[in-house]
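Input: a single structure, listed below in structure tokens.
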Protein chains: 2
Amino acid sequence: MNQDGVDLERSLGYLLKEASSVLRAAMEEVLRPLGMSVTHYSCLELLAQRPGLSNSELARGAFVTRQSMNVLLQALERDGYVTRPAEASVGKVLPARLTPRGRRSLEKATVAVRSVEVRMLAGMTETEQSGAFRILQSMVHSLRDGNDGA
Amino acid sequence: MNQDGVDLERSLGYLLKEASSVLRAAMEEVLRPLGMSVTHYSCLELLAQRPGLSNSELARGAFVTRQSMNVLLQALERDGYVTRPAEASVGKVLPARLTPRGRRSLEKATVAVRSVEVRMLAGMTETEQSGAFRILQSMVHSLRDGNDGA
DNA sequence: TGATTCATGTCAGCATTCTGACATACATTG
DNA sequence: CAATGTATGTCAGAATGCTGACATGAATCA
């Protein structure tokens, strides 16, 4: 096993990828016992905080394509966690909402995920946390404005 | 389109996922013209900086399973970007190395990726960057020590 | 009004990654 | 030395996400 101090070890991009990977693994670990994937949880959490989101909006919020979110939504609807009207009242948009069962399922998951986030922030001061927040936001804006956000 | 100020907007975990997603998209965008995926590039970059890494070590460095890295390595070997000895000299470990062709291919990719990283860091001071570095490292350590790193 | 542009929901096919499993090689330990 | 544990490379099947494509509804604009 090599242990050179090389460029990758100094790249913020690489470190960002690593952090995201570790966070995802930690979330999968606590969600697996609940039979829930990260995207699955993200969808439910989004719906809890913004009831009536459409499939496309949920996809953007969970950082997947609307096609991927669609298959998930259909499964969640089939299993009774989510409801959508059979026909759109205005355009083609079908606003989704949590069922009581979906809300119950989300509660356990939220507790589990929050524990991960708490663990992630352990050892960081309030000041550091808000600093991290600003910096990550800055990265997102810089990357978006640069090319595809125009 | 809703625009409530909700919890997700204040979650560092969510923001981390967003940043990672945007970074990945930006990298894919500049690597696509070169016919290269992010994992593909990561593998080459790792080999350039640490020649002789094994398949499993490359997998850990690129945050994928060794099975996934194996299919990539076989393709890279078939196309002449990478070489591995036919038989292991010591254990089962097959140390991989870049061919001249692999090195040439990597050079263009490195330029492209560096431009993305520069764009990402635009508007951040040196102090902020090293602060971000420390904070991300802290997150990684906290999450790892908590469960699977023991 | 009619044409164009854009966003949505959804279907089908493809690509990538993962999980599971197996044989092998070394290290450790009794 | 034998047994166990750990790590590796690799194959096969399953899951997940993506790209491409289509029809439809709404908004924009000449």
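A note on names: the letters A, B, ... follow the listed sequences, proteins ahead of strands, and every chain is numbered from 1.
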Please check the phosphate of D:dT10 (OP1 and OP2 only) for any side-chain N or O of B:Asn70 closer than 4.0 Å. yes
Write down the distance between OH (B:Tyr41) and C1' (C:dT16), rounded to a whole number of angstrom. 20 Å
The answer to which of A:Pro95 and B:Ser68 contacts DNA chain C further toward the 5' end, by nearest nucleotide, is A:Pro95
Let me know the distance between CD of A:Gln74 and C1' of C:dG9, rounded to the nearest Å. 9 Å
Can you measure A:Leu73 atom CG to C:dT8 atom P for me and round it to whole angstrom units? 14 Å
N or O in side chain of A:Arg24 less than 4.0 angstrom from C:dT17 OP1/OP2: no
Could you walk me through whether A:Arg24 and A:Glu28 pass salt bridge (Lys or Arg N to Asp or Glu O under 4.0 Å), step by step? CA-CA 6 Å; A:Arg24 182 176 196 87; A:Glu28 282 171 348; 3.5 Å; yes
How many whole angstroms separate atom CD of B:Glu28 from atom C1' of D:dG17? 11 Å
Start at the 5' end of DNA chain D and walk down; is the nucleotide closest to A:Val90 or to A:Arg66 reached first? A:Arg66
Look at the side-chain N and O atoms of B:Arg60 and state whether any lies under 4.0 Å from the OP1 or OP2 oxygen of D:dT8. yes
Angle between ring planes, A:Phe63 versus B:Tyr14, binned at 30° and 60°: parallel, tilted or perpendicular? tilted
When you match A:Val93 and B:Met69 each to their closest nucleotide on DNA chain C, which lands nearer the 5' end? A:Val93
Could you tell me whether A:Leu72 contacts a base, only the sugar-phosphate backbone, or nothing, with contacts defined as non-hydrogen atoms closer than 4.0 Å? nothing
Under 4.0 Å between a side-chain N/O of A:Thr39 and OP1 or OP2 of D:dT16, yes or no? no
Taken to the nearest whole Å, CG/B:Asn55 to P/C:dC18 is 12 Å
Roughly how many Å is it from NE2 in A:His40 to P in D:dA15, rounded to a whole number? 16 Å
Touch class at under 4.0 angstrom, heavy-atom based, for B:Ser37 against every strand present: nothing
Rounded interatomic separation in angstrom, taking CD from B:Glu57 and P from D:dT8: 7 Å
Short question: side chain of A:His141, backbone of A:Gln137 - any donor-acceptor pair under 3.5 Å? yes
Please give, in whole Å, the distance from C:dC26 P to B:Leu94 CG? 12 Å
For the side chain of A:Ser21 and the backbone of A:Lys17, is there at least one donor-acceptor N/O pair under 3.5 Å apart? no
Would you kindly check whether a donor in the side chain of B:Gln67 faces an acceptor in the base of C:dG20, or vice versa, at under 3.5 angstrom? yes
Taking the nucleotide of DNA chain D with the closest heavy atom to each, which residue, B:Lys92 or A:Thr65, is nearer the 5' end? B:Lys92
Under 4.5 Å between side-chain heavy atoms, hopping through other hydrophobics if needed: is there a path connecting B:Leu12 to A:Met139? yes
